[in-house]
Amino acid sequence: MGATLKDATAIAGIGQTPFARQLPESEKTLACRAIVAALDDAGIAPSEVDAFASYTMEETDEVEIAKAIGAGDLTHFSKVGFGGGGSCATVAHLAAAIATGQASVGVAWRSRKRGSGPRPWKNTQVQLPTPGQWTRPFGLLRPADEIGMLARRYMHEYGATRDHLFNVALACRNRANQNPAAMMYERPLTREMYMTARWISEPLCLFDNCLETDGALACVVVSAERARDCRQRPVYVHSAAQGLPAQHHGMVNYWTDDPLTGPAWTAARHLWKGADLGPQDVDVAQIYDAFTPLIPLSLEGYGFCGRGEGAAFTEGGALEIGGRLPLNTGGGGLSEAYVHGFNLINEGVKQLRGTSTAQVPDAATCLITAGEGVPTSALLLRS
């Protein structure tokens with residue numbers, strides 16, 4: 001699949017709503033606003049849209065969205081499993097449909113009211129999935145608890161410390177401080193603030209966890225040929241991948257032989273196999289950061305360093321602008337907004353257009369990843 005998709009399609013438009021802890025509009029209204037903004041960015045009329053892709057956790061419906069924006073006849077519509085793991089795969093689904101002639105103008109989106117809405121794990125009346133029956137009765141109730149366990153294992157095996165996790169949180173916050181759209185704009189983070197913050201699920205403190213956000217984002221995918229005639233500079237989908245390892249059980253992956261080798265490793269093998277580029281060619285990365293430990297785990301999985309070296313990779317300003325791998329340049333899920341990773345896609349496009357608020361000079365390649373720890377996906381974009 002990678003060979004047939006290589007540079008055949010491009011992201012031609014991006015759009016987003018404001019981000020806040022609480023917005024008055026419905027998820028449907030937010031979705032429509034983001035989609036219409038993305039189409040306007042591309043210079044494409046809503047009536048030309050013939051493909052949709054979203055997450056299975058997306059509560060807005062294709063039928064209602066299509067009517068509300070005035071889409072044309074749809075010839076492709078798909079939903080990608082999981083929340084944080086689904087972001088990049090929505091673009092991959094559209095790219096595959098367009099490259100094979102199933103559609104011509106695709107829209108992917110995510111609309112969410114997590115800041116003002118309920119927590120999905122709070123409903124104790126719902127029967128637990130099988131993995132949850134082995135973990136939640138013993139106190140692993142939230143994703144933070146599950147990742148906290150993996151983080152402790154990683155710290156024990158490889159000597160990672162809270163200072164390494166702080167490096168991640170600080171890099172994301174520093175970029176958000178440059179981004180007027182970020183929830184943490186002009187709200188600096190210091191080491192003292194980090195080290196004295198309240199625990200959420202030890203060893204994860206408040207600043208190791210993503211934000212709670214209301215908001216929506218969308219992007220428009222078209223053929224590479226058409227993208228060259230759109231309003232904005234094309235950003236090509238060079239390679240795309242999904243990853244679900246054998247015998248995987250989501251974030252509660254504790255009974256496998258190696259719980260620290262997550263879906264990133266599977267997705268990475270496919271991503272690089274379908275690309276003319278490798279990790280050494282990536283100018284900037286948008287790596288899924290619902291929790292700080294996911295960054296070192298992903299750095300290893302996608303081949304930027306060796307096994308157990310992800311924590312040390314963060315040292316010396318490596319994740320800052322000018323470092324070895326500038327990271328999450330809009331602020332990421334930790335400091336811009338948490339909308340199941342879709343803001344990382346839009347930020348990657350901005351970097352390759354040269355319009356980011358924390359622009360990496362001459363950035364020509366960008367890796368974007370979805371959630372590590374769950375069935376995941378990734379994109380390699382180029383200008």
Side-chain angles (χ1 to χ4, degrees), residues 84 140 142-177 182-184 187-212 251-254 259-264 285-302 304-321 323-338 341 344 358 367 369-374 376:
L140 299 181
R142 308 160 297 173
D145 304 321
E146 297 163 345
I147 297 300
M149 287 279 284
L150 287 178
R152 182 61 76 192
R153 172 76 173 262
Y154 185 74
M155 295 166 92
H156 173 75
E157 287 198 18
Y158 298 115
T161 68
R162 291 192 67 210
D163 271 306
H164 293 119
L165 301 183
F166 169 65
N167 292 339
V168 173
L170 181 64
C172 292
R173 182 62 65 90
N174 286 344
R175 301 294 77 76
N177 290 164
M183 292 178 70
M184 293 294 110
R187 295 178 64 180
L189 176 66
T190 66
R191 184 177 183 277
E192 181 181 9
M193 289 168 61
Y194 176 89
M195 290 297 175
T196 57
R198 61 184 173 92
W199 296 117
I200 300 299
S201 188
E202 196 174 348
L204 305 184
C205 74
L206 176 66
F207 299 113
D208 292 307
N209 289 260
C210 60
L211 300 170
E212 296 180 319
M251 287 182 281
V252 290
N253 206 28
Y254 311 134
L260 297 179
T261 300
Q286 316 296 334
I287 297 181
Y288 193 87
D289 60 339
F291 307 98
T292 54
L294 301 185
I295 298 296
L297 291 173
S298 297
L299 290 170
E300 295 172 19
Y302 286 96
F304 293 100
C305 56
R307 179 66 191 273
E309 298 175 356
F313 187 100
T314 70
E315 296 171 356
L319 308 182
E320 305 282 352
I321 301 294
R324 292 170 66 186
L325 186 68
L327 187 88
N328 296 6
T329 46
L334 289 166
S335 284
E336 181 188 28
Y338 184 64
L344 300 178
L367 172 71
T369 75
E372 170 61 332
V374 295
T376 195

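Every value quoted in this text rests on a predicted model; they were computed, and no experiment measured them. Sequence positions, counted from 1, serve as the residue numbers for this chain.
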*Asks:* Let me confirm one number: the CD1-CG distance from I295 to N328, rounded to the nearest 0.5 Å.
*Replies:*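 If we round to the nearest 0.5 Å, I295:CD1 and N328:CG are 5.0 Å apart.
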*Asks:* Working to the nearest 0.5 Å, report the span between OG1 of T314 and CG of L327.
*Replies:*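 Output value for this atom pair is 10.0 Å.
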*Asks:* Any non-hydrogen side-chain atom of V374 less than 4.5 Å from a side-chain atom of P263?
*Replies:*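 Result no, sub-4.5 Å side-chain heavy-atom pair not found.
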*Asks:* Write down the atom of A370, the atom of G84, and the distance for their closest heavy-atom approach.
*Replies:*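 It is CB-O, 3.1 Å.
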*Asks:* Report the residues that fulfil side-chain hydrogen bond (donor to acceptor under 3.5 Å, both in side chains) with T261, sequence neighbours left out, ordered by chain and then residue number.
*Replies:*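 With neighbours one apart ignored, the set is D258, R307.
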*Asks:* Which distance, rounded to the nearest 0.5 Å, do you find between the CG of D145 and the CG of L204?
*Replies:*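 Answer for the CG-CG pair, D145 versus L204, is 9.0 Å.
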*Asks:* Please report the interatomic distance CE(M251) to CZ(F291), rounded to the nearest 0.5 Å.
*Replies:*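 One finds 6.5 Å between CE of M251 and CZ of F291.
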*Asks:* Please list, chain by chain and in numerical order, all residues satisfying side-chain hydrogen bond (donor to acceptor under 3.5 Å, both in side chains) with N174, sequence neighbours excluded.
*Replies:*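 E320.
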*Asks:* Ignoring hydrogens and geometry, is there a side-chain-to-backbone donor-acceptor pair from S335 to G332 under 3.5 Å?
*Replies:*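 Such a contact is absent between S335 side chain and G332 backbone.
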*Asks:* Using the ring of each side chain (for Trp, its six-membered ring), is Y338 parallel, tilted or perpendicular to Y288, with breaks at 30° and 60°?
*Replies:*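 Perpendicular, since the angle between the ring planes exceeds 60°.
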*Asks:* Would you call E146 and R142 a salt bridge, using N to O less than 4.0 angstrom?
*Replies:*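 No.
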*Asks:* Is there a side-chain contact between P296 and F313, using heavy atoms and a 4.5 Å cut-off?
*Replies:*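 No, side chains not in contact.
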*Asks:* Are any non-hydrogen side-chain atoms of L260 and Y158 less than 4.5 angstrom apart?
*Replies:*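 Yes - at least one pair of side-chain heavy atoms lies under 4.5 Å apart.
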*Asks:* I need the minimum non-hydrogen distance between G323 and P326, along with the two atoms involved.
*Replies:*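 G323 and P326 have their closest heavy atoms at O-CD, 3.7 Å.
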*Asks:* Apply side-chain contact (heavy atoms from CB on, under 4.5 Å) to L170 and F207, showing your working.
*Replies:* CA-CA 9 Å; L170 181 64; F207 299 113; over 6 Å; no
*Asks:* Scan side-chain atoms only and decide if R175 and T329 contain a donor-acceptor pair under the 3.5 Å cut-off.
*Replies:*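 The criterion, which ignores hydrogens and geometry beyond distance, is not satisfied for T329 and R175.
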*Asks:* Going by heavy atoms in the side chains, are R173 and R187 under 4.5 Å from each other?
*Replies:*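 In contact.
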*Asks:* Please name all residues satisfying salt bridge (Lys or Arg N to Asp or Glu O under 4.0 Å) with R324, sequence neighbours left out, ordered by chain then number.
*Replies:*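 Per chain and number, R324 pairs via salt bridge (Lys or Arg N to Asp or Glu O under 4.0 Å) with no residue.
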*Asks:* Which atom names give the shortest non-hydrogen contact between R162 and P203, and what distance separates them?
*Replies:*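 The answer is NE-O, 4.1 Å.
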*Asks:* Does some side-chain heavy atom of P188 sit less than 4.5 Å from a side-chain heavy atom of N177?
*Replies:*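 N177 reaches P188 side chain to side chain.
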*Asks:* Does any non-hydrogen side-chain atom of R152 lie less than 4.5 Å from one of M149?
*Replies:*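 Counting from C-beta outward, M149 and R152 never come under 4.5 Å.
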*Asks:* If I take atom CG from residue D208 and atom OG1 from residue T292, how far apart are they, to the nearest 0.5 angstrom?
*Replies:*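 Answer for the CG-OG1 pair, D208 versus T292, is 3.5 Å.
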*Asks:* Looking at A144 and N209, what are the two nearest heavy atoms and their distance?
*Replies:*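 Closest heavy-atom pair between A144 and N209: CB-OD1, 3.5 Å.
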*Asks:* Among I147, V168, T369, D289, find the residue that satisfies the side chain to side chain contact (heavy atoms under 4.5 Å, CB included) test when tested with L294.
*Replies:*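 That would be I147.
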*Asks:* Would you confirm whether E300, through its side chain, and G308, through its main-chain N or O, come within 3.5 Å as a donor-acceptor pair?
*Replies:*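 Confirmed, E300 side chain pairs with G308 backbone.
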*Asks:* Would you say the side-chain atoms of T190 pair up with the backbone N or O of M193, donor to acceptor, closer than 3.5 Å?
*Replies:*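 Side chain of T190 to backbone of M193, a donor-acceptor pair under 3.5 Å: yes, one is there.
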*Asks:* Where is the tightest heavy-atom contact between L211 and L334, given as atom of each residue plus distance?
*Replies:*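 Scanning both residues completely, I find the closest heavy atoms to be CG-O, 3.3 Å.
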*Asks:* Judged by atom type as modelled, is there a donor-acceptor pair below 3.5 Å linking the side chain of T376 to the main-chain atoms of A264?
*Replies:*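 Not at all, since once roles are kept as given, no pair shorter than 3.5 Å links the two residues.
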*Asks:* If you round to the nearest 0.5 Å, how far is OG1 of T161 from CZ of F166?
*Replies:*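 If I round to the nearest 0.5 Å, the distance is 11.0 Å.
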*Asks:* Report yes if the side chains of P293 and L150 come closer than 4.5 Å at any heavy-atom pair, otherwise no.
*Replies:*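 Not in contact.
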*Asks:* Indicate the atoms forming the closest heavy-atom contact of I321 with A358, along with that distance.
*Replies:*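 Closest approach of I321 to A358, heavy atoms only: CD1-O, 3.5 Å.
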*Asks:* Just by distance, with hydrogens left out, do Y302 and E372 show a side-chain donor and acceptor under 3.5 Å apart?
*Replies:*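 Absent: no donor and acceptor within the cut-off.
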*Asks:* With a 4.5 Å limit on heavy-atom distance, are the side chains of H164 and E315 in contact?
*Replies:*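 They are in contact (side-chain heavy atoms under 4.5 Å apart), so the answer is yes.
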